[in-house]
Amino acid sequence: MHRRRTLAALAALTLLASMISVGPAAVLAAPAGVTSHIPKAGTGGPDTGDIPSGDGNATDAEFPGQLDGEEGVDPYGGIIDRSLSTGHVSNGLSANSGKKGKASPTFVTGFEGLNHYQQRYTRGGNQFSLEPPDQGLCVGNGYVVEPVNDVINIFNKSGQSVLPDNTATNIVTGFPRNVNHAVDLNSFFGYPPAINRTTGVRGQFVTDPSCLYDAATQRFFLVVLTLETTPGGAFTTVNHLDLAVSQTSNPTGGWNIYRIDVTNDGSPGNTGGPCPCLGDYPHIGADANGFYITTNAYPWGPGSFDGAQLYAFSKAQLAAGAASVTMVHIDTTGMVNATSPVAQVEPGFTVWPAQSPGTNSFDTSAGGTEYFLSSNAGEEAAGTAFNGTSTNLITWKLTNTSSLNSASPALNLSNKVLTVGQYGIPPKQQQPGSGTAPTADVPQGTCINDTTTSTLAGVGCWRLLFVVEPAHTEVISRPDSNDTRMQQVMYANGKLWGALDTALTVGGTNRAGIEWFIVNPVVGKIVMQGYLGAAGYDLTYPAIGVTASGRGVMAFTATGNSLNPSAAFASIDAVSGVGAWDVVNGGTGAAQDDGFTSYKSQVGNPPRTRWGDYGAAAVDGNSVWIASEYIAHACTYTDWGGPFFTGGTGDNLLGTCGGASHGPGSRSALANWSTRISQYVP
């Protein structure tokens with residue numbers, strides 16, 4: 001039986017608009033960038049690393065940064081918040097309610113991807129409980145690769161895992177655990193377990209996975225942010241981007257690994273602070289010549305934001321597995337001449353690189369061009385002028401990318417500020433019962449409030465989770481709706497495609513919705529833009545995939561007054577804009593979110609129910625694959641408690657709902673998220 005102590009947890013974080021005028025181009029000179037050479041650090045791949053032997057009871061820690069004591073270490077705000085704008089909600093722009101119905105993309109197949117049970121109990125259970133999953137997805141050569149926090153699986157296009165079955169060796173509390181062949185990301189990158197439950201020693205903390213299949217080189221790329229820790233679990237402030245590149249077009253084989261130290265990358269602005277910094281929220285893209293990673297640099301100590309950072313690599317060198325690859329680092333601090341919310345010079349924030357479908361959709365002009373999109377309503381960009389809203393969309397252009405293949409790359413980064421429809425920080429999502437006491441279908445919340453059930457730990461279910469009695473006042477939560485940062489960006493059919501979260505007033509109520517953009521980046525002009533929202537619903541964490549012919553699908557999570565968190569989609573193209581939305585086939589939520597970040601007794605008051613932090617879309621030929629977080633399974637309070645409730649039966653792991661056969665379970669005691677992967681032909 002595992003008990004959790006009171007802790008300070010490290011909570012793992014259409015209406016067409018008419019305004020299409022172009023704002024002034026940012027003419028501030030971009031820094032030339034710093035060129036360096038990154039040596040290959042070794043190899044890795046989807047094979048489970050060493051599993052510690054022993055009884056596995058040396059530590060009850062469930063979260064990175066937690067100590068085995070009455071209190072954990074102080075959490076680091078950059079990891080928890082992922083935003084300086086948390087808590088600020090804008091008034092919604094009035095928008096028509098989007099139609100909910102059968103949309104035009106043709107459904108091909110879909111299946112449940114990774115879930116929290118698989119994440120927590122892979123590698124013999126030497127993992128932490130993590131929220132949110134941070135959705136990665138890349139598809140090519142017949143494979144569907146899905147990394148999330150903090151586990152990876154590789155499927156065929158029918159949804160079967162193609163990795164070796166590791167059930168027999170994956171022993172947790174005396175029984176083999178079926179995690180559908182999934183492998184922890186610490187193993188993938190050659191690290192020791194996230195936590196050794198026999199000794200209590202902590203390994204590296206891996207987070208924020210993203211992946212991309214590049215059809216031109218026939219290689220898979222996978223990026224994570226890795227934080228170094230002491231054996232006792234304290235963060236050292238050293239952090240690096242780990243970039244893995246498949247050695248062939250088969251992702252089940254070997255991968256080459258490059259590590260990029262980002263600890264000292266960032267320029268203090270008016271409100272920023274000196275490094276060491278955290279290279280947060282890495283995201284990736286590629287053009288004909290380069291592979292690109294961007295991050296948001298937050299000072300580890302006092303300060304707020306130190307600018308978005310851009311890392312450009314020779315794609316050919318990475319694909320060849322070169323012993324050393326050329327990299328150019330550019331800091332975007334002071335590069336944006338914003339016009340909203342006020343006229344001022346700002347840093348880039350969440351400057352998301354574009355991905356392109358196929359092999360012929362890249363822009364080869366100006367020596368090769370890679371595009372990016374960003375927004376600036378967040379406090380990171382707006383600084384003291386922050387009011388939670390903006391009408392600026394920033395388009396970025398990196399030219400002469402072919403020089404990345406030379407000994408002395410000469411890149412030029414510029415941006416243009418466009419005026420778009422207003423967007424602002426959305427309210428939290430609603431799910432059925434939000435704000436009311438948990439019911440038996442929300443078992444963790446019910447357990448925290450329970451003072452009467454007889455358990456193996458005594459009277460009151462709360463004793464199964466805590467040593468010190470918490471307040472019994474938990475309610476069904478409102479999941480996080482992100483801020484207004486840019487989400488996944490595509491360059492396809494000569495256009496840039498992107499979307500972000502925003503407040504929308506639909507049906508007379510302020511809800512979470514989506515603003516989307518289609519841009520001609522060559523002339524710096526909005527082709528189309530609009531909003532997607534629906535009365536009684538919240539739509540969050542959009543991700544757009546567009547084929548070479550310009551037909552696309554936008555994925556997102558949909559929740560509502562009567563809709564549990566579900567995986568949803570809508571069509572998008574440059575003629576009709578965004579079409580009617582619907583829940584994906586098989587993606588209807590089965591229960592409310594019941595994760596540990598929902599409860600103040602777990603993470604502090606007020607809690608922030610982590611969701612997202614992003615969805616994903618991947619183009620494969622004429623298909624668009626999409627993936628979003630949702631709640632795939634229901635679990636009753638009785639099944640959640642199992643034999644831990646006096647007279648109960650079931651799994652000897654609390655909260656898995658795995659039954660007497662010991663799984664596979666649908667969740668853990670502390671979280672119930674899943675991911676949904678779907679293939680559509682738009």
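Numbering of residues begins at 1 and proceeds along the displayed sequence.
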Looking only at heavy atoms, what is the nearest atom pair of Gly321 and Asn256, with distance?
-> CA-ND2, 3.3 Å

Side chain of Glu346, backbone of Gln344: donor and acceptor closer than 3.5 Å?
-> no

Between Ser402 and Asn289 the two heavy atoms that sit nearest each other are N-ND2, 3.4 Å

Ring centres of His283 and Tyr292 under 6.0 Å apart?
-> no

Derivation of the ring pair (Phe, Tyr, Trp, His ring centres under 6.0 Å) call for Phe128 and Phe205 | CA-CA 10 Å; Phe128 289 112; Phe205 174 45; 7.4 Å; no

Examine distances only and state if a side-chain atom of Gln429 and a backbone atom of Ala512 form a donor-acceptor pair shorter than 3.5 Å.
-> no

Thr35 and Met327: CA distance, side-chain angles, deciding distance, side chain to side chain contact (heavy atoms under 4.5 Å, CB included) verdict | CA-CA 6 Å; Thr35 300; Met327 184 193 79; over 6 Å; no

Any chance the side chains of Arg123 and Ser187 put a donor and an acceptor closer than 3.5 Å?
-> yes

Measuring from Leu227:CG to Thr229:OG1, what's the distance to the nearest 0.5 Å?
-> 8.5 Å

Steps toward side-chain hydrogen bond (donor to acceptor under 3.5 Å, both in side chains) verdict (Asp501, Ser481) = CA-CA 7 Å; Asp501 295 273; Ser481 295; over 6 Å; no

Please round to the nearest 0.5 Å and tell me the distance separating atom CZ of Phe517 and atom OG of Ser375.
-> 7.5 Å

Please list, chain by chain and in numerical order, all residues satisfying ring pair (Phe, Tyr, Trp, His ring centres under 6.0 Å) with Phe221, sequence neighbours excluded.
-> Phe291

Going by distance alone, is a donor N or O of one side chain under 3.5 Å from an acceptor N or O of the other, for Thr226 and Asn239?
-> no

Does Phe313 have its ring centroid less than 6.0 Å away from the ring centroid of Tyr258?
-> no

Counting N and O atoms only, with roles assigned by atom type, does the side chain of Asn186 sit under 3.5 Å from a partner on the main chain of Gln204, one being a donor and the other an acceptor?
-> yes

Judged by atom type as modelled, is there a donor-acceptor pair below 3.5 Å linking the side chain of Thr395 to the main-chain atoms of Pro521?
-> no

CA sep, side-chain torsions, deciding dist, call: Arg608, Asp480, salt bridge (Lys or Arg N to Asp or Glu O under 4.0 Å) = CA-CA 7 Å; Arg608 179 185 174 195; Asp480 192 32; 2.7 Å; yes

Applying ring pair (Phe, Tyr, Trp, His ring centres under 6.0 Å) to Tyr371 and not counting sequence neighbours gives Tyr491

Backbone of Leu114 reached by a side-chain donor or acceptor of Glu146 within 3.5 Å = yes

Step by step, would you call Ser129 with Glu62 a side-chain hydrogen bond (donor to acceptor under 3.5 Å, both in side chains)?
-> CA-CA 5 Å; Ser129 291; Glu62 281 292 338; 2.7 Å; yes

Only counting residues at least two apart or in another chain, list the ones meeting ring pair (Phe, Tyr, Trp, His ring centres under 6.0 Å) with Phe188.
-> Trp255

Identify the heavy atoms of Ala616 and Leu137 that sit nearest to each other, and give their distance.
-> CB-CB, 3.7 Å

Does the pair Leu418 and Asn392 meet the rule for a side chain to side chain contact (heavy atoms under 4.5 Å, CB included), with working shown?
-> CA-CA 6 Å; Leu418 308 183; Asn392 282 175; over 6 Å; no

Is it true that the side chains of Trp396 and Ser374 contain a donor and an acceptor less than 3.5 Å apart?
-> yes

Ignoring hydrogens and geometry, is there a side-chain-to-backbone donor-acceptor pair from Thr122 to Gln119 under 3.5 Å?
-> no

Between Leu411 and Leu398, which heavy-atom pair has the shortest distance, and what is it?
-> CB-CD1, 3.9 Å

Go through Phe189 and Leu222 one step at a time and tell me if the side chain to side chain contact (heavy atoms under 4.5 Å, CB included) criterion holds.
-> CA-CA 10 Å; Phe189 285 97; Leu222 171 63; 4.0 Å; yes

Are the side chain of Gln488 and the backbone N or O of Ala617 linked by a donor-acceptor pair below 3.5 Å?
-> yes

Identify whether the distance between the nearest side-chain nitrogen and carboxylate oxygen of Asp242 and Arg259 falls below 4.0 Å.
-> yes

When every non-hydrogen atom of Thr333 is compared with those of Asp331, the smallest separation belongs to OG1-OD1, 2.7 Å

Donor on one side chain, acceptor on other, Glu380 and Tyr298, under 3.5 Å | yes

Excluding sequence neighbours, so at least two apart, what forms side chain to side chain contact (heavy atoms under 4.5 Å, CB included) with Asn264?
-> Cys275

Worked verdict on Val224 versus Leu185 for side chain to side chain contact (heavy atoms under 4.5 Å, CB included) | CA-CA 9 Å; Val224 297; Leu185 287 177; 4.2 Å; yes

Residues at least two apart in sequence or cross-chain that pass ring pair (Phe, Tyr, Trp, His ring centres under 6.0 Å) with Tyr213, listed by chain then number, are Phe220

Counting only N and O atoms by type, is there a donor-acceptor contact under 3.5 Å from the side chain of Thr332 to the main-chain atoms of Met335?
-> no

Derivation of the side-chain hydrogen bond (donor to acceptor under 3.5 Å, both in side chains) call for Ser267 and Asp306 | CA-CA 5 Å; Ser267 297; Asp306 281 357; over 6 Å; no

I would like to know whether Thr230 and Arg202 meet side-chain hydrogen bond (donor to acceptor under 3.5 Å, both in side chains); could you show each step before the answer?
-> CA-CA 7 Å; Thr230 67; Arg202 319 302 169 90; over 6 Å; no

Residues Thr401 and Asp287: side-chain donor-acceptor under 3.5 angstrom = yes

Do the ring planes of Phe63 and Phe596 sit parallel (below 30°), tilted (30 to 60°) or perpendicular (above 60°)?
-> tilted

To the nearest 0.5 Å, atom OG1 of Thr484 lies from atom CD of Glu379 at 11.5 Å

Spacing of CG belonging to Asn196 relative to OG1 belonging to Thr59, to within rounding of 0.5 Å | 9.5 Å

Measuring from Asn376:CG to Met486:CE, what's the distance to the nearest 0.5 Å?
-> 10.0 Å

Say you draw a straight line from OG of Ser340 to CG of Asn387; how long is it, rounded to the nearest 0.5 Å?
-> 7.0 Å

Qualifying residues under side chain to side chain contact (heavy atoms under 4.5 Å, CB included), relative to Ser324, sequence neighbours excluded | His37

Donor-acceptor contact present, side-chain Glu629 to main-chain Gly612, <3.5 Å | yes

Asn400 side chain to Asn412 side chain, donor-acceptor N/O pair below 3.5 angstrom = no

Which pair of heavy atoms, one from Ala354 and one from Leu496, lies closest together, and at what distance?
-> CB-CD2, 3.9 Å

Checking Lys397 side chain against Thr369 main chain: does a donor-acceptor pair fall under 3.5 Å?
-> no

